[in-house]
Amino acid sequence: MGKRPDHWGWGFQKGRPTRQQVADLGRLAGERLGFEPAEVEDGVPLDAVELPPPRITAPDDLAEIVTDDTVERAGHTYGKAYRDIVRAFRGRYDNPPDLVARPRDEADVERVLAWAGDKHVAVIPYGGGTSVVGGVEARLDDGYAGAVSLDLRALDRVLEVDEVSGAARIQAGVLGPALEDQLRQYDLTLRHFPQSFEFSTLGGWVATRAGGHFATLYTHIDDLVESVRALTPSGWWESRRLPGSGAGPSPDRMLIGSEGILGVITEAWVRVRPRPTYRASATVHFDSFEKGAEAVRVIAQSGLHPSNCRLLDEAEGRLTGVSERPMLVLGFESADHPVDVWMERALEICGRKPTSSGSGAGGDWRSAFLAMPYLRDNLIQLGLVNDTFETAITWDKLGDLREAVRAAVPHATCRFTHVYPDGPAPYFTIVEPARRGFELEQWDELKARASDAVLAAGGTITHHHAVGRDHRPWYDRQRPEAFAQALRAAKTALDPGWILNPGTLISR
Ligand SMILES: Cc1cc2nc3c(=O)[nH]c(=O)nc-3n(C[C@H](O)[C@H](O)[C@H](O)COP(=O)(O)OP(=O)(O)OC[C@H]3O[C@@H](n4cnc5c(N)ncnc54)[C@H](O)[C@@H]3O)c2cc1C
């Protein structure tokens, strides 16, 4: 029980703060945000939840790895989007999977796919279930006999390390901390740390093109993947390990970001590196966000490639309690050489003295960043809507994007999570009083306003949160129609019965 994942929030049941602690937090949050926090509400306990009976049963030869247990089905119903957490908090479980399968090896994955194909059962690949876009919810069209959530977390081992090339073959279901623990034995690291690192998996990162630790250069998992192995309903797909290749469209690139609709990723070779020993960090304050953004643009175009380059606007600084003014958190790291000279040049570009420097600089921001997912649950208990949306935009359109978002969602705070020579990835946070009992309608309105504004200003519907089901209306508008046709044809070729994660990314 102690280590059971919380059924509606982030983390484990045991770590959940008491009612009094949440109420105290409400007073603090109220002061900081200028809201009157509402009464603390408690989530509906799992014991009180009733699910519709499963529509399918597993054959005897899958009995060892398949269950219809209510706790398992409820635990695999949702990801961790705001609308997921609110529904689970209120005891509402729309579209639970009929069954949950936990394959122990690739042969088990093969057997589940073969059975599901035969019975026309939808299969939803499930990594850590941290999707924030409805990527793991079995929201299906009619015509499927049922749905099985395919939980890959038992495939959790580093299988092979090529220390000469700096690469490792790793099973897809491994969670971030276990992956890093295994690589540590070789003094190596993947250094892919999304905010959800603790509870998300390598396969999930690859399937969603996750964005991690590096603010520049290796921003997405794409840059760290050498080759991928996946099972499609039409057979195995495994690419050749290569440092680079010009041989036509990349098979890896097609699977990276495929969000479980083309195949079940079982392992990947990823690029690993020695753990950094040289580090330099600094925080710099600016009089305006625009001045900070201009400094970040020059740094991004300078070839310096900071590992951390997060610019916060004043509202984001206030929300996280780290600053009253726009603030840039800068960091450089290397396993090979001192990085102080790089930092000096970056600070020179900023044209001002750092407010703090040394290994502890930016530590307050980092702590706030890591605490945020836990805090979100408490804000929901306190009657506050709390969600994020993110995009990427070229520098020339940044001002217009900020204006458009401000007009659509005036309370949204902003930070850059990643930056490129040609533009940043702005990330927005919304906290506002909830219309209790109508949070989903409120969220749907906010989401539509924000997404329309982002698209109209020329941004992408997502830089790293993926598409899933929730971003579909905007993704469908963003992508070229000819590409949609090609993706549909590829899905039909690999998955003729459309059993893999139907409704995500594309429809028939
Ligand atoms: C608090 C919080 C912070 C977050 N921070 C970040 C962040 O910093 N960067 C970022 O990129 N994202 C972030 N996310 C989003 C989410 O964590 C990522 O999308 C992550 O990559 C999902 O991994 P997962 O293992 O949890 O996958 P799941 O949520 O289980 O699945 C995500 C999608 O991938 C598919 N999938 C999963 N595993 C496989 C597999 N082995 N084969 C085929 N398909 C598969 C699923 O079907 C689904 O469509 C955050 C989410 C939360 C809740």
Side-chain angles (χ1 to χ4, degrees), residues 5 9-11 75-76 78-82 84-85 97 103 106 109 113 122-139 147-156 170-176 179 192-215 219-222 228-232 237 255-268 310 369-377 386-390 415 417-418 425 427 429 462-471 495 500-505:
W10 194 246
H76 288 80
Y78 295 132
K80 294 293 177 198
Y82 173 77
D84 298 342
I85 298 179
E106 289 185 339
V109 179
L113 281 204
V123 178
I124 320 283
Y126 187 100
T130 64
S131 168
V132 282
V133 291
V136 292
E137 183 179 345
R139 236 182 277 162
V148 56
S149 178
L150 187 68
D151 185 323
L152 293 146
R153 282 176 290 188
L155 305 184
D156 62 355
I170 304 181
Q171 288 186 304
V174 67
L175 293 169
L179 180 154
H192 180 76
F193 302 128
Q195 194 183 24
S196 54
F197 171 77
E198 222 180 325
F199 299 109
S200 55
T201 62
L202 174 64
W205 302 337
V206 175
T208 60
R209 302 186 66 188
H213 163 81
F214 292 105
T219 56
H220 281 96
I221 192 75
D222 311 23
V228 186
R229 178 170 161 85
L231 181 65
T232 79
W237 172 316
L255 279 181
I256 298 172
S258 61
E259 301 192 26
I261 70 160
L262 300 180
V264 179
I265 298 163
T266 57
E267 31 179 271
R310 263 88 183 175
F369 174 77
L370 294 175
M372 207 42 113
Y374 293 94
L375 193 62
R376 190 167 71 144
D377 299 347
N386 173 213
D387 204 13
T388 60
F389 60 99
E390 38 83 61
R415 71 170 187 263
T417 57
H418 302 84
Y427 184 101
T429 301
T462 175
H463 170 265
H464 59 262
H465 277 172
V467 174
R469 292 172 178 80
D470 296 347
H471 280 157
D495 178 17
L500 279 180
N501 215 0
T504 299
L505 280 180

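Both counts, for ligands and for their atoms, begin at 1 and track the order of listing.
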Nearest heavy atom to [atom]: which of [options] does it belong to?
{"atom": "atom 10 (C) of ligand 1", "options": "His464, Glu267, Glu198, Arg209", "result": "His464"}
{"atom": "atom 51 (C) of ligand 1", "options": "Val264, Val123, Thr130", "result": "Thr130"}
{"atom": "atom 19 (O) of ligand 1", "options": "Ile261, Val136, Val132, Thr208", "result": "Thr208"}
{"atom": "atom 2 (C) of ligand 1", "options": "Gly211, Gly468, Ser196", "result": "Ser196"}

Ignoring angles and geometry beyond distance, decide whether [X] reaches within less than 3.5 Å of ligand 1 through its nitrogen or oxygen atoms.
{"X": "Ser200", "result": "no"}
{"X": "His465", "result": "no"}
{"X": "Asn501", "result": "yes"}
{"X": "Gly127", "result": "yes"}
{"X": "Leu152", "result": "no"}
{"X": "Ala172", "result": "no"}
{"X": "Ser131", "result": "yes"}

* Asked: How long is the gap from CG on Leu202 to CG on Leu179, to the nearest 0.5 Å?
  -> 6.0 Å

* State yes or no: are the ring centers of Tyr427 and His465 separated by less than 6.0 Å? =>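 Centroid separation for Tyr427 and His465: below 6.0 Å.
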
* Structure fact -> Quick look: Pro125 vs ligand 1, heavy-atom contacts under 4.0 Å, and the answer is both

Under 4.0 Å, counting heavy atoms only: does [X] come that close to any atom of ligand 1?
{"X": "Gly129", "answer": "yes"}
{"X": "Phe193", "answer": "no"}
{"X": "Ser258", "answer": "no"}

* To do: Going by the side-chain contact (heavy atoms from CB on, under 4.5 Å) test, name the single residue among Val136, Leu500, Ile124, Val123 that passes it with Leu150.
  => Val123

* To do: Among Thr201, Ile265, Val264, find the residue that satisfies the side-chain contact (heavy atoms from CB on, under 4.5 Å) test when tested with Leu152.
  =>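 The single option meeting the side-chain contact (heavy atoms from CB on, under 4.5 Å) with Leu152 is Val264.
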
* **Any residue meeting side chain to side chain donor-acceptor pair (under 3.5 Å) with His418, in chain and number order, not counting sequence neighbours** =>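 With sequence neighbours excluded, His418 shows a side chain to side chain donor-acceptor pair (under 3.5 Å) to no residue whatsoever.
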
* Can you list every pair that meets salt bridge (charged side-chain N to carboxylate O under 4.0 Å, His left out) and has a residue in residues 196-212, with sequence neighbours left out? ->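 Qualifying pairs: Arg209-Asp222.
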
* **Plane angle bin for Trp10 and Tyr374 - parallel if under 30°, tilted between 30 and 60°, otherwise perpendicular** =>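 Tyr374 and Trp10: perpendicular rings.
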
